[in-house]
Amino acid sequence: MLHIVACIKQVPDTKIIKMNPKTNTMDRASAPAILNPYDAHAVEEAVRLKNRYGGVVSVVTMGPPPAVKAIRKCIEIGADAGYLVTDRAFAGADTLATSYAITKAIEKIAESQPVDLVICGKMTIDGDTGQVGPGVARRLDIPPLTCVKKVVEINKEQGYAIVHRKLEDGYEVIQSTLPCLFSVEKEINEVPYSPLPNMLRAAKYNPVVWSVDDLGDIDRTQLGLKGSPTIVAKVWPPEKPKGGEILEGSASEQIARLMEILHDKQRLFRVKEEQI
């Protein structure tokens, strides 16, 4: 029986979200909160592994009280239990402080049942760092397997996992000892519509809620802003491209005009080099 812990996050829907032009910050109130899409695939894969090998899937997240919505979505996908770590002490956490808090939560979860596998999405769509998963693995002192696109085998008895790890020009086959951590690609699976019984259970489900005091022996200097060495100096939307020329006419005329433009740019570049 496997015990799989999926690390998730509730994020703003970046398809809808806007940037505040005055503050150059993300206007989180402009978009609904959703389960991070990469994490949805992680939970789906955890559920598939549970169905394949038998076991339990727990999900854990750090965030404000409304993050219970993301946990309920995971229950809808098929997870068995959810844990919400929420406290003012966690506010302003960067990826380093977040990985510390999540690690402490996983260690507490493991007190009731040892954890065989930790799984998370490759990254979150609001930060795009991909740092929390490996950070958790480092703190738990377990191997991190990133960019996982396929799980070939999990063998708890012999203590190993075999996966396909995505590369730019293909994939590599990796064997790791258990416990370990997977951070998964979206292509690892398709998240189907949830069955009605799961939806009914999710609607009524209330996760276990822990404050910082519930996590036991914890170093508060590694939490929130105090434990976050990262400083975001400025955030701004990319400028829209300007100018450009639409080439018209026949194919041969367009090619002739394109060559003319390229020659002009080459001459301009040479003049600038001579001036230097």
Side-chain angles (χ1 to χ4, degrees), residues 1-9 11 35-62 74 77-80 83 94-110 113-191:
M1 297 280 287
L2 291 172
H3 184 195
I4 306 170
V5 173
C7 304
I8 67 160
K9 184 181 180 183
V11 298
L35 172 63
N36 179 51
Y38 283 94
D39 296 343
H41 289 276
V43 175
E44 171 65 22
E45 191 64 22
V47 171
R48 293 188 184 198
L49 292 173
K50 177 189 73 171
N51 295 337
R52 181 175 170 185
Y53 296 105
V56 175
V57 175
S58 303
V59 297
V60 61
T61 188
M62 183 191 81
C74 295
I77 293 172
D80 300 289
Y83 299 84
D94 67 359
T95 56
L96 186 68
T98 298
S99 65
Y100 178 72
I102 292 295
T103 298
K104 286 298 181 181
I106 293 173
E107 290 175 345
K108 186 171 178 63
I109 293 171
Q113 183 179 356
V115 175
D116 303 296
L117 175 66
V118 180
I119 189 167
C120 58
K122 181 178 74 170
M123 63 185 185
T124 58
I125 60 173
D126 62 342
D128 293 359
T129 64
Q131 295 173 348
V132 172
V136 169
R138 177 65 182 86
R139 292 180 183 278
L140 290 173
D141 196 24
I142 60 176
L145 306 183
T146 58
C147 303
V148 173
K149 60 175 286 186
K150 180 180 179 181
V151 179
V152 178
E153 182 184 0
I154 303 287
N155 192 316
K156 182 175 178 179
E157 290 71 26
Q158 297 185 30
Y160 69 82
I162 300 176
V163 304
H164 289 180
R165 182 173 178 271
K166 184 178 180 179
L167 303 176
E168 289 186 1
D169 56 352
Y171 67 90
E172 60 183 357
V173 181
I174 300 289
Q175 179 169 321
S176 169
T177 56
L178 291 176
C180 61
L181 179 142
F182 298 164
S183 65
V184 304
E185 298 278 352
K186 285 184 178 180
E187 63 193 79
I188 195 169
N189 56 47
E190 293 290 335
V191 182

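Positions are given from 1, in the same order as the sequence printed here.
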Taking salt bridge (charged side-chain N to carboxylate O under 4.0 Å, His left out) as the test, write out the residues that go with Glu107, two or more places apart. Lys104

Under the salt bridge (charged side-chain N to carboxylate O under 4.0 Å, His left out) rule, collect the residues that match up with Lys108, sequence neighbours excluded. none

Pair listing, ring-ring contact (aromatic ring centres under 6.0 Å, His included) test, anchored in residues 145-166, at least two apart: His164-Tyr171

Do the charged groups of Glu187 and Lys166 touch, with an N to O distance under 4.0 Å? yes

Kindly say whether Gly78 contributes a backbone atom to a donor-acceptor pair with the side chain of Lys50 at under 3.5 angstrom? yes

Is there a donor-acceptor pair under 3.5 Å between the side chain of Lys156 and the backbone N or O of Met1? yes

With sequence neighbours left out, what residues match [X] under side-chain contact (heavy atoms from CB on, under 4.5 Å)?
{"X": "Cys74", "result": "Ile8, Leu35, Val43, Val59, Ala79"}
{"X": "Glu44", "result": "Arg48, Ile77, Asn189, Val191, Pro192"}
{"X": "Asn36", "result": "Val11, Tyr38, Asp39, Thr124, Ile125"}
{"X": "Ala161", "result": "Ile154, Leu178, Cys180, Phe182"}

Contacts of [X] that satisfy side-chain hydrogen bond (donor to acceptor under 3.5 Å, both in side chains) - sequence neighbours left out:
{"X": "Lys150", "result": "none"}
{"X": "Thr103", "result": "none"}
{"X": "Asp94", "result": "Ser228, Thr230"}
{"X": "Ser58", "result": "His3"}

Leu2 CG to Arg52 CZ distance, which is reported to the nearest 0.5 Å: 10.0 Å

State the CD-CD distance between Glu153 and Gln175, to the nearest 0.5 angstrom. 8.0 Å

Taking every heavy atom of Cys120 against every heavy atom of Leu181, the minimum-distance pair comes out as SG-CD2, 4.1 Å

Side-chain polar contacts of residues 134-149 - donor-acceptor pairs under 3.5 angstrom, sequence neighbours left out - could you list them?
from	atom 1	to	atom 2	distance (Å)
Arg139	NE	Ser99	OG	3.2
Arg139	NH1	Gln222	OE1	3.3
Arg139	NH2	Leu96	O	3.3
Thr146	OG1	Arg165	NE	3.3
Thr146	OG1	Arg165	NH2	3.1

Side chain to side chain, Ile174 and Ile162, heavy atoms closer than 4.5 Å: no

